[in-house]
Amino acid sequence: MKKNIYQPIEAVIEDVRHETATIKTFVLRPKFLFSFRTGQFIELNIPGVGEAPFTPSSDPAVKDRLGVTIMNVGSMTSRLHAMHSGEKVALRGPYGKGYPLEKFKDKDILIVGGGVGLAPLRSLLFSLFGEVDNYNKIVLRYGARTSGDIIYKDLLPEWAKKKKVDVMTTVDVGDPQWKGNVGLVTTILKDLPIELHKAIAVVCGPPIMMKFVNLKLLDLGFKPEDIYLSMEKNMSCGLGKCGHCRLGSYYICKDGPVFTYEQLKDMHDIWD
Amino acid sequence: METYFLKHQDVFVFYSRIEEEFELYAPIKVEAKPRLLCEHGFSLPTEEYLLRPFSCIQEKSDIVYNEYRCVEPTRTLFVYPKENISGDTPDPRRQGPSKPLAISGLKNCDIFSLKIQDFVFLGGDEVDPFYQARREDALIISGDCPAFKEVCFCRAFAIDPYSQEGFDFNLSPLNDGYLLDVATEKAQRIADSLKNILSLATRGQLAGRAQKREAVVKKLDAHLALHKIPTKGSLKDIVVSGYNSAVWQEQMLTCVECGGCVFICDTCHCFLLADTLSKEGPQRMRIWDGCLYKNFTRVAGGANPLKMRYMRLRNRYLKKFDFFIDNTGTQACCGCGRCIEVCPGKIDIRYILKRLYEEKHLSAH
């Protein structure tokens, strides 16, 4: 019998972690083992309510559970935020191509995250940490609006202690308790401990942040083919059929969501 | 491919035989108020043809040979406007006919559009099981166009007003009957059971058909020459380079966002998955969606990359003439002119393409 490609599988919310006032990480246990490659996304469904795409923030090596870090911004996410451990959701996927880790081998990897955009990058970091000998250096630069908006507060210092890893965080607006850098994430993209000729950059965050980080990276001398951007648009099916997420000659769901700037640079209005 | 001659008086025997195994849709004629008259002096027909289930047509004599395409886009019969797609295993017969589908009255523009739908729903990593079940079982009966409407412009995109592939049967009207091309095993099996009403076509009959086809092509080309529609080869270039053209804003002044153009279009395919709660529990619905609607690209939080109407019109053309040409080698427009007829704002794809062509190639002169 053929498979219904639109039908999600059941999953139970096992844990809900509060990251910030508006962001929670949901740990889900799907009915069946669930594999994904870092950077691929899922369609998370509340039966009878709706569905939305999210990129898992958990370690792809873990097959029986997955974490999804979600900001409360719309009707679907506000319903999700009202849910608790033990409640049932459903999911479909994984979809898209994810990060091409084979191209990152022996490279200095600069990872730039903005706000809740650190979520997919956490999954990437777990993957990189799992085979850290394959990479030369991992440099994380993360920006949030305020110190209260920083996600994975307990993990960031842990990551900074790992070998080959360099972490720096900034906030757009400082406060008396914040001892780190104050300024947009582009302000901590200088004096980077990387060698440009063997570096690649991975960027994920709100469109306006990605636009200016991309410009900064080009200024620094990154080649368009070495900048990996996580694009997002309204999606419905996740399978390249419903037509919502067209970007030039691509569908973000099927051909992305990760694209190099080289693939996008000649397109109009990619940051809108 | 075998070609037979079928007398006009035996058409209903042919249809009845098909109806034994299939849920047959056949064309009927309705008198309609002319929507658009030819500005160039051609006297062109204005009647409409509708596809109706053979079993529901009480007076079988109402069934006609349609001289050009029907009003409805063919995709309506393969991807329903609203459909329950719930369940671990797909049930393509939950809605619609219980028997496989047979459609008579399709034209070459419809056959072209089916190829676009096939690319969307049968292509890629995952096949749509609902579409696949209906499409693979379906019997496609196409027919030559001995006439065309004012809005028909298939030949501008090198699509002929008669089919040479993509069908099971093809009918070509000739004298007191039809030449019947039998292109597939499925069709041959039916033809074999109708030997008493079919005779092999003669060379003279085939030559007669070729002459008729040539005559309609000539007349259509003369009609299209007056409209100055750009040819297939220039479409991608003019639409991409016309990104900042004023034509998008000008044309959208009369758009009332009714969605008629996208829903009547036979190459459009966009849909939305919607979850609802019914008495039986949660349900997944698939509903046609259209890129001319303002929320088509709106994301959670309110951002919308296509917030203005002119952006959505431009997006529609980029999808049809840039995305599809890049991904399939062909444009997602069959030249059927349905969108021109349906538009209350008189937005005309032929005019927009002509403008884009002139802006690209004639602006310096």
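By convention in this document, chain letters (A, B, ...) are assigned in the order of the sequence lines, proteins followed by strands, and residues within each chain are numbered from 1.
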Inspect the surroundings of CD in Glu232(A) and state if more than 12 heavy atoms from other residues, nucleotides or ligands are less than 6.0 Å away.
no
Can you confirm whether Glu185(B) is buried at CD, in the sense that more than 12 heavy atoms of other residues, nucleotides or ligands lie under 6.0 Å from that atom?
no
Between Asn327(B) (side chain) and Ser249(A) (backbone), is there a donor-acceptor pair under 3.5 Å?
yes
Once you round to the nearest 0.5 Å, how far does CG of Leu272(B) lie from NE2 of His244(A)?
5.0 Å
Is the closest side-chain donor-acceptor distance between Tyr243(B) and Asp269(A) under 3.5 Å?
yes
I need the residue from Met71(A), Lys254(A), Arg246(A), Glu43(A) with the largest number of non-hydrogen atom pairs under 4.5 Å to chain B.
Arg246(A)
Look at atom CZ of Arg309(B) and say whether more than 12 heavy atoms of other residues, nucleotides or ligands are closer to it than 6.0 Å.
yes
Give the minimum heavy-atom separation between Asn234(A) and Val299(B), together with the two atoms involved.
N-CG1, 3.4 Å
Atom group of Thr297(B) that falls short of 4.5 Å from chain A, counting heavy atoms:
both
Arg284(B) versus Tyr6(A), side-chain donor and acceptor atoms under 3.5 Å:
no
For chain A, find which of Ile325(B), Asn295(B), Leu277(B) contributes the most heavy-atom pairs closer than 4.5 angstrom.
Leu277(B)
Inspect the surroundings of NZ in Lys307(B) and state if more than 12 heavy atoms from other residues, nucleotides or ligands are less than 6.0 Å away.
yes
Working to the nearest 0.5 Å, report the span between NE2 of His268(A) and CG of Leu318(B).
8.0 Å
Which residue out of Ile46(A), Thr77(A), Asp272(A), Ile5(A) racks up the most heavy-atom pairs below 4.5 Å with chain B?
Ile5(A)
Which atoms of Phe130(B) come close to chain A, meaning under 4.5 Å heavy atom to heavy atom: side chain ones, backbone ones, both, or neither?
side chain
Look at Phe323(B), Phe121(B), Phe119(B), Trp288(B) and state which one has the largest set of heavy-atom pairs under 4.5 Å with chain A.
Phe323(B)
Using a cut-off of 6.0 Å, state whether more than 12 heavy atoms not belonging to Met267(A) lie near its atom CE.
yes
Side chain of Lys2(A), backbone of Asp128(B): donor and acceptor closer than 3.5 Å?
no
Side chain, backbone, both or neither: which part of Asp88(B) has a heavy atom under 4.5 Å from chain A?
both
Heavy-atom count check: over 12 atoms from other residues, nucleotides or ligands less than 6.0 Å from Arg145(A) CZ?
no
Are there more than 12 heavy atoms of other residues, nucleotides or ligands under 6.0 Å from atom NZ of Lys153(A)?
yes
Identify which of Asp322(B), Asn315(B), Asp125(B), Val240(B) forms the greatest number of heavy-atom pairs closer than 4.5 Å to chain A.
Asn315(B)
Glu126(B) and Lys3(A) ion-paired at < 4.0 Å
yes
Inspect the surroundings of NZ in Lys63(A) and state if more than 12 heavy atoms from other residues, nucleotides or ligands are less than 6.0 Å away.
yes
Give, for atom NZ of Lys241(A) and atom CG of Leu273(B), the distance between the pair rounded to the nearest 0.5 Å.
12.0 Å
If I compare all heavy atoms of Cys270(B) with all of Gly243(A), which pair ends up nearest, and what's the gap?
SG-CA, 3.7 Å
Do you know the tightest heavy-atom contact between Asn4(A) and Ile85(B)?
ND2-O, 2.7 Å
So what's closer than 4.5 Å to chain B heavy atoms on Asn45(A): side chain, backbone, both or neither?
side chain
If you tally heavy-atom pairs under 4.5 Å against chain B, which of Gly74(A), Cys242(A), Ser236(A), Pro8(A) wins?
Cys242(A)
Contact summary for Pro282(B) and Gly48(A), nearest pair of heavy atoms
CB-N, 3.5 Å
Proximal component of Asn304(B), with respect to chain A [non-hydrogen, under 4.5 Å]
neither
